[in-house]
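Single-structure report; data block below.
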Amino acid sequence: MKTLENYINGEWQSSISTQYTSVHNPATQEVIAQVPSGPDTVKDVEKAIQYAQKAYLEWKDVPAMKRVQPLFKMKTLLEDHKEEIARLITNECGKTYAESLGEIQRAIENVEVACATYVLNQSEFSENIAPGIDEFMIRQPLGVCACITPFNFPVMIPFWFLPYAIATGNSFILKPSEKVPATMQYVFDLIHKNLDLPKGLLSLVHGGKDSVDSLLRHPDVKAISFVGSTPIAKYIYSEGAKYGKRVQAQGGAKNPIVIMPDADIDMTTKIITDSVYGCAGQRCLAASLVITVGDDKKIKDALVEAAKSRKVGYGLEDGIEMGPVISQESKTRIQGLIQKGIAEGANFLVDGTQKNVSGFDRGNFLYPTILENVPLDKEIISTEIFGPVMSLLNFKSMEDSIRFINSGRYGNMACIFTQDGLSARQFRSEAMAGNIGINVGVAAPVAQFPFSGWKESFFGDLHAQGRHGIEFYTQTKVVIERWPKTWSRTF
C-alpha cells in the first residue's frame, strides 16, 4: 500500500490535505493505496493550475510538428509497459486481464491519431475573396484544459483527451476517479521518467467534488472534459458553462440491442453475451436491453445458457470471463434494482445475485442475470444499472422496437443483429443513438471517429476522439488581409 501524490510542475508532490481515502481491490478488498481527499485538495488543484498556465504560455508557440514528437514516445511507453499497466487496471478496477489489455490498446490508438494533429489542425485559405483581399482561418489552443474521468476505464478514457490537448498546444490536468487513481499514477510516472515535457504541461491531481468544483470555477481553466453518470454530466456541463468554459460531458446510457428473426443465433449469442457482461456491465456501451422480434425461444434459450456458463472470478486468474463490480456499494445498488424489478412484475430467467466466488468471499461479485417480462413503464427499464444484468424484451416488429428505443432518454448506442441489409439500413437511419452497431454488440468508435453520444448520454457539441478532439481543444481565428496599395472598392 502506498500514499498517492499529485504530479505538479513536473514533480511528485505530497498533497496539502491530511485526509485520505482507501483504494480497494474489488475482488479481494485489499487496500491498494491511500488517495488524498477532502476540501484541502482544492489548494493542490490551484497550484497545478498556476503551473499549467505557465507551461501553456511556453508550449502554445512550439511548432505542431514538434509538439507531437513526445506522443510517439508515449505510444511506445504504453506498448512496452502494457502488461504491468493491465495488471494494475485489473487489481484496481476489477475487469479481466484480457479486458485491461484491450483498454490499453484503445488508449494507444488515440495517441496514434493525435500524432497526426499537425495535419488534422491545418488551416483553411481563400485567395481573392474580393480584389486584393485574402481570408483564412487558423486554429489556436485554448489554454489550461482539465479532464475528470470515471472508474471503469482508468487508462483509456484519459487518453481520449490527453494526447489531443497537448498536441494542439494546451496544458492538461487530469483528475482521475478516487476509486481507481493508482493506474494513471503509474502512467504519469512513466511519462515523468521518460519524456522531456515542459514542467507543468501535464498534471495529475486527486480529490473528490471539492477538486472538481475548483477546476470548474477557476478562470484559467478554459475547457473541461468529463465521463460519468448523467446527473453528474449535467452538473459538469451547466456549472462549467456558467463559468464560461468549453465543456464536453459524456453521461450514462441504457443501450438496446434488437435481434431480428433472421439473425445467426450462435454468433449473435456470443457477441451479445460479451456486450452485456463484459467489464461486469460497467461500461457506457454495455448492452442492457435485449429486444427479440417475433418468435424468440431459440435465441432466449441460447442467451440463458451463455449467461449461466460465464466464468466469474478474479481477473488475473486464467480463464476468467467476468470480474467483480467496483465496490460493495455498487453491488448493493445493483441488487436493489434487480429486486425492485422483480417486485414490479419481472421474473428471473437467470438469477446471478446469490452466488459467491470460491476463495473471494469478500469480493464484490455478481453473476450474470437475465430478467424477462419487465414492465416497460418501470424504473429498471429506464435506469442505468451499470452491472451484469440483461432485461429481455420482445416486440412484434422492428418498427415497434425502434419506437421503443427512441422513446428513451438516453442515446449512447443502439445495435441490431440481422442478415437483411434493408432492415439494417432502416435501423441505422431511424434509431436515435449516436453510435450504431450492425451485427456488433459494442459499437465503440475507433480513435479516428468521435464517441458520438446523443440525448442525455452527452452534453456539449464536440465529442471525444479524432477530429472532434482537435476541434474541441482549439478555437478558430479568421484573418482577412490585403496588401495592394490601391483600393478598388466602389459604392
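What you see is a predicted model; the values in this text were computed from it and never measured. Atoms considered below: every heavy atom in the structure, side chains included; atoms not considered: hydrogens, waters and symmetry mates.
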_cation_pi(K222, Y473) dist<6.0 Å, angle<=45_ = no
*Does W59 reach the main-chain N or O of L201 with its side chain, forming a donor-acceptor pair under 3.5 Å?*
no
*Qualifying salt bridge (charged side-chain N to carboxylate O under 4.0 Å, His left out) pairs, either residue in residues 146-175, two or more places apart*: K175-E178
*Would T90 and S100 count as a side-chain hydrogen bond (donor to acceptor under 3.5 Å, both in side chains) if you check the C-alpha gap in whole Å, the side-chain angles of each, and the deciding distance to 0.1 Å?*
CA-CA 6 Å; T90 295; S100 297; 2.9 Å; yes
_Full working for side-chain hydrogen bond (donor to acceptor under 3.5 Å, both in side chains) between Q34 and S22_ = CA-CA 5 Å; Q34 298 287 337; S22 296; 2.9 Å; yes
*Any salt bridge between K254 and E384, counting N to O under 4.0 Å?*
no
_When you compare the side chains of W12 and D189, does any donor N or O come within less than 3.5 Å of an acceptor on the partner?_
yes
*side-chain hydrogen bond (donor to acceptor under 3.5 Å, both in side chains) between Y314 and N91: does it pass, once the steps are laid out?*
CA-CA 9 Å; Y314 178 34; N91 278 325; 2.5 Å; yes
*Minimum heavy-atom distance between I8 and A48, given as atom pair plus value*: CG2-CA, 3.8 Å
*Before giving the answer on side-chain hydrogen bond (donor to acceptor under 3.5 Å, both in side chains), spell out for S15 and D44 the whole-Å C-alpha distance, their side-chain angles and the decisive distance to 0.1 Å.*
CA-CA 6 Å; S15 174; D44 299 326; 2.5 Å; yes
*Side chains of D213 and V42: does their closest heavy-atom pair fall under 4.5 Å?*
no
*For the atom pair CD1 (I85) and CE (M184), what is the distance rounded to the nearest 0.5 Å?*
8.5 Å
*Geometric class of the H463/F458 ring pair [parallel <30°, tilted 30-60°, perpendicular >60°]*: parallel
*Specify the closest pair of heavy atoms between I138 and S123, including all atoms of both residues, with the distance to one decimal.*
CG2-CB, 3.8 Å
*Is any side-chain heavy atom of N25 closer than 4.5 Å to a side-chain heavy atom of E92?*
no
*Could you give me the CA-CA distance, side-chain angles and deciding distance for Y51 and K199, then say whether side chain to side chain contact (heavy atoms under 4.5 Å, CB included) is met?*
CA-CA 8 Å; Y51 286 111; K199 290 184 176 182; over 6 Å; no
_R246 side chain vs G240 backbone, donor-acceptor pair below 3.5 Å_ = no
*asked:* Nearest 0.5 Å, please: how far is OG1 in T168 from CG in L142?
replied: 7.0 Å
*Please confirm whether the backbone N or O of N412 pairs with a side-chain atom of S457, one donor and one acceptor, at under 3.5 Å?*
yes
*T96 versus E321: any side-chain heavy-atom pair under 4.5 Å?*
no
*asked:* Any heavy-atom pair between the side chains of L174 and T149 that's under 4.5 Å?
replied: yes
*Ignoring hydrogens and angles, tell me if any N or O in the side chain of K455 forms a donor-acceptor pair with the backbone of G434 under 3.5 Å.*
no
*Is there a side-chain contact between M74 and F159, using heavy atoms and a 4.5 Å cut-off?*
yes
*Would you find a donor on one side and an acceptor on the other, under 3.5 Å apart, between the side chain of S17 and the backbone of D40?*
no
_Walk me through whether K245 and E239 qualify under salt bridge (Lys or Arg N to Asp or Glu O under 4.0 Å)._
CA-CA 9 Å; K245 304 189 190 313; E239 193 76 1; over 6 Å; no
*With a cut-off of 6.0 Å (strictly less than), are more than 12 heavy atoms of other residues, nucleotides or ligands near CZ of R467?*
no
*Does the salt bridge (Lys or Arg N to Asp or Glu O under 4.0 Å) test come out yes or no for K270 and D274, once each step is laid out?*
CA-CA 6 Å; K270 291 175 183 176; D274 284 340; over 6 Å; no
*Measure up the Y237 and F459 rings against each other and bin them: parallel (under 30°), tilted (30 to 60°), perpendicular (over 60°).*
tilted
*Are the side chain of S330 and the backbone of I326 linked by a donor-acceptor contact shorter than 3.5 Å?*
no
*Main-chain N/O of G143 paired to N170 side chain as donor or acceptor, under 3.5 Å*: yes
*Check whether any side-chain heavy atom of I32 lies under 4.5 Å from a side-chain heavy atom of L88, and answer yes or no.*
no
_Within the 4.5 Å heavy-atom criterion, are Q185 and L204 side-chain neighbours or not?_
yes
*Rounded distance (nearest 0.5 Å) linking atom CG of L120 with atom SG of C115*: 10.5 Å
_Shortest non-hydrogen contact between P26 and V325, atoms and distance_ = CB-O, 3.4 Å
*Can you check whether A167's main-chain N or O pairs, donor with acceptor, with T117's side chain at less than 3.5 Å?*
no
*Quick one: SG on C93 to CD on Q282, what's the gap to the nearest 0.5 Å?*
6.5 Å
_Is it true that S126 and E135 share a donor-acceptor pair across their side chains at a distance under 3.5 Å?_
no
*Please determine, by modelled atom types, if T41 and S211 share a side-chain donor-acceptor pair under 3.5 angstrom.*
yes
*asked:* Keeping T268 on the side-chain end and D264 on the backbone end, is there a donor-acceptor pair under 3.5 Å?
replied: yes
*Which of these, H81, K82, K75, sits in a side chain to side chain donor-acceptor pair (under 3.5 Å) with E79?*
K75
*When you check the gap from the basic side-chain N to the acidic O, do E103 and K95 get nearer than 4.0 Å?*
yes
_4.5 Å side-chain heavy-atom contact, I129 and I480_ = yes
*For D461, look at atom CG and say whether over 12 heavy atoms of other residues, nucleotides or ligands are found less than 6.0 Å away.*
no
*What distance do F161 atom CZ and Q248 atom CD have between them, rounded to the nearest 0.5 Å?*
5.0 Å
*Can you check whether I385's main-chain N or O pairs, donor with acceptor, with R333's side chain at less than 3.5 Å?*
yes
_Considering all heavy atoms, the nearest V68-A114 contact_ = CG1-O, 3.8 Å
_Within a 6.0 Å radius of atom CZ on F449, are there more than 12 heavy atoms belonging to other residues, nucleotides or ligands?_
no
_Would you say CZ of R425 has more than 12 non-hydrogen atoms from neighbouring residues, nucleotides or ligands within 6.0 angstrom?_
no
*So does N128 have more than 12 non-hydrogen atoms from other groups sitting under 6.0 Å from CG?*
yes
_Stepwise side chain to side chain contact (heavy atoms under 4.5 Å, CB included) check, L289 with I257_ = CA-CA 6 Å; L289 303 169; I257 289 182; over 6 Å; no
_Pairwise distance CD(E109) to CG(L78) - rounded to 0.5 angstrom_ = 11.5 Å
*List the steps, then state whether side chain to side chain contact (heavy atoms under 4.5 Å, CB included) holds for Y7 with H192.*
CA-CA 9 Å; Y7 187 69; H192 169 69; 2.9 Å; yes
*Which pair of heavy atoms, one from Q53 and one from V144, lies closest together, and at what distance?*
OE1-CG2, 3.4 Å
